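Read the numbers this way: they start at 1 and go in the same order the structure lists the ligands and their atoms. Remember, predicted model here, so these are calculated numbers, not experimental data. Values reported hereafter were calculated over all heavy atoms of this structure, with side chains retained and with hydrogens, waters and symmetry mates removed.
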Amino acid sequence: VASSIDIAVVGAGVVGCAVAYELTRRGGSVQLVDERPVGMGATQASAGVLAPYIEARAEGPLLDLTARSLALFDEFVAGVAAASGSRVEYRRTGTLDVAMQPETMKQFGGLAALLAKRGVEAEMVDAQAARSLEPHLAADVVGGLLIPSHGFVAASELTQALAVAARRLGAQVSDSGHVCRIRRSGDSLIVETSRGNLAAGRVVLAAGSWTGQIDVDGSERRVPVRPVRGQLLHLSWNGAMLNRVTWSERCYLVPWGDGTLLVGATVEEAGFNERTTVAGVRDLIEAASELVPHVWTAGFVSARVGLRPCTPDELPVIGPSACLPGLLYATGHYRNGVLLAPLTAKLVADAILDDRIDPVMEATLPQRFGKL
Ligand code: GLY
C-alpha cells in the first residue's frame, strides 16, 4: 500500500522536511512544495535549542510532546546524517538555567522536584558552582539549574540534510509558487498554486505561520496560527567558549563548535514583518551582557529573524482535517519546531501510512479550534 501513496507536503521548513523524509523513508511517494527554498522560514533563524524542561516547566501536553521528541533525537539525527551523507552538528551539552534573582531559585526548586518525579537528571547549583561550570557568568548571579540531557542541533544543517535525504530516497522537492488553496476533485486533492495545480492522494499542511493563509475547501475557518517574531544574534567569540546552552529570563546563549555564539531571542507581535530591528538587537545585547559580561568583547556576525507559528494554546496542530478527508495539519509548533520535528514526522507518518492516531494527538488535533 505504502509505495503507491502519493503525498504532497506543503512547507519546506524543518517540520515539512522531517515529515517528507519520514514518509519517504517509510515507502511513501512524496512531493515537497514551497515557494521559498528549503528552510527559509522560521527554521533559518532557529538556534536549535533542545530543552523540553525549560520550554515546558509544568506537567502537560507540551512537556509530554517535547520530552518524547527529545528521546527520538539521537536516532533521528544519525539516520538523517547517514541517509543524506551530510554532517549535522548536534550536541547534548546540557543547559544551565541561571537565576539572577533569589525568587527564581524557588521556581527552579519546584521544577527540580517535578523532574525528579519524572526520573530526569537535574541539579540545583549555587552561585559559586554555577560560576565554576560557566566562568564567564556575571558576578551577581544567584545560582542555577543544570539539566544535562538538554542540547542543541544546527537547525539549518538538519533541515537541508532532511531535504537531501528525502530526495535521495525518492521524494521530489519543488518550487511550487505560492500555495493558495486545497480542494477535492474526485479521488484526489488539488493543491492550487500560483504556478498551477498539483494532484495528490493526501496533503500535509506544514506551512508554519503561513498555514492560515491557505484556503481549505469545506473548512469554516482557517487554522488559528499567528506569527510571533523572534530575532537572534550571531556573534563571534574571543577566548574560552561557554560550555553549554546558558539560559536566563531574558535570553539564551548557544555555543557553537565553530567558535560562534547565538543569542536568542525576542518574542514580538509584529505581524508578518520579517525584519530585524535596532530595538531587538539592543535588547538581546543588553540581556546577553547582563548574563555574560564577556559578550561585550564579541564580534557581531549577523542578526537573524523568523516568525514562530503560534496557536492560541501554544500547542502544535498535528492531525487530520475533519472537513477535507485526506488533508493533515502539521503546523503551529511555536517555539519548538526543531525539537518537535522527529515526533511530528512520526505521528504524521503513522497516521497516513498506518492509519494510527497516537493518543498524544488528543492534545494536538485541529478540531480543538473548531471545524477544521
Ligand atoms: N525555542 C526558542 C525560541 O523560540 O526562541
Side-chain angles (χ1 to χ4, degrees), residues 13-15 18 39-58 60-63 65-70 73 89-98 147 149-159 208-209 225-235 242 244-256 261-270 272-277 279-281 283-288 291 302-317 331-344:
V14 67
V15 171
M40 289 310 288
T43 298
Q44 53 76 37
S46 168
V49 176
L50 308 172
Y53 311 112
I54 290 180
E55 291 288 355
R57 292 181 192 265
L62 185 62
L63 189 58
L65 288 161
T66 53
R68 206 170 134 191
S69 201
L70 181 65
F73 245 89
E89 184 171 359
Y90 165 58
R91 293 173 60 205
R92 298 286 280 269
T93 57
T95 51
L96 181 63
D97 203 351
V98 177
I147 304 179
S149 56
H150 284 161
F152 65 89
V153 65
S156 291
E157 272 177 29
L158 174 64
T159 307
S209 286
V225 180
R226 73 172 201 282
V228 174
R229 187 166 70 186
Q231 301 187 50
L232 221 101
L233 307 180
H234 189 193
L235 307 177
L242 298 179
R244 57 185 60 70
V245 176
T246 303
W247 199 284
S248 76
E249 267 163 38
R250 292 181 63 200
C251 70
Y252 51 83
L253 312 177
V254 185
W256 290 85
L261 184 83
L262 283 180
V263 179
T266 64
V267 179
E268 304 166 79
E269 300 288 342
F272 283 91
N273 183 330
E274 287 179 283
R275 294 231 177 116
T276 54
T277 65
V281 170
D283 285 354
L284 291 170
I285 292 174
E286 273 179 15
L291 181 62
S302 65
R304 299 184 191 173
V305 59
L307 302 178
R308 307 175 183 89
C310 186
T311 64
D313 60 8
E314 299 186 5
L315 290 170
V317 179
T331 188
H333 291 72
Y334 189 37
R335 300 176 59 90
N336 292 295
V338 176
L339 173 55
L340 290 175
L343 180 63
T344 302

Problem set entry | Backbone N/O of Glu89 and side chain of Glu157: donor-acceptor pair under 3.5 Å | yes
For this session: Could you tell me whether the side chain of Thr266 and the main chain of Gly280 form a donor-acceptor pair under 3.5 Å?
Result: no
Problem set entry | Under 4.0 Å to a heavy atom of Glu55 - the qualifying atoms of ligand 1, by number | 1 (N), 2 (C)
Problem set entry | Numbered atoms and elements of ligand 1 in range of Ala265, under 4.0 angstrom, heavy atoms | 5 (O)
Problem set entry | Protein heavy-atom partner closest to atom 1 (N) of ligand 1 - residue, atom, separation in Å |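 Looking at atom 1 (N) of ligand 1, the protein heavy atom closest to it is Arg335 O, 2.7 Å.
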Exercise. Does an N or O anywhere in Arg308 fall below 3.5 Å from an N or O of ligand 1?
Worked result: yes
For this session: Report yes if some N/O of Tyr252 lies less than 3.5 Å from some N/O of ligand 1; otherwise report no.
Result: yes
For this session: Answer yes or no: are there more than 12 heavy-atom neighbours, outside Glu249 itself, under 6.0 Å from its atom CD?
Result: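 Counting other residues, nucleotides and ligands, CD of Glu249 stays at 12 neighbours or fewer.
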Problem set entry | salt_bridge(Glu314, Arg335) N-O dist < 4.0 Å | no
Exercise. Out of Val267, Thr276, Thr277, which residue meets the side-chain contact (heavy atoms from CB on, under 4.5 Å) rule with Arg229?
Worked result: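 Among Val267, Thr276, Thr277, the one meeting side-chain contact (heavy atoms from CB on, under 4.5 Å) with Arg229 is Thr277.
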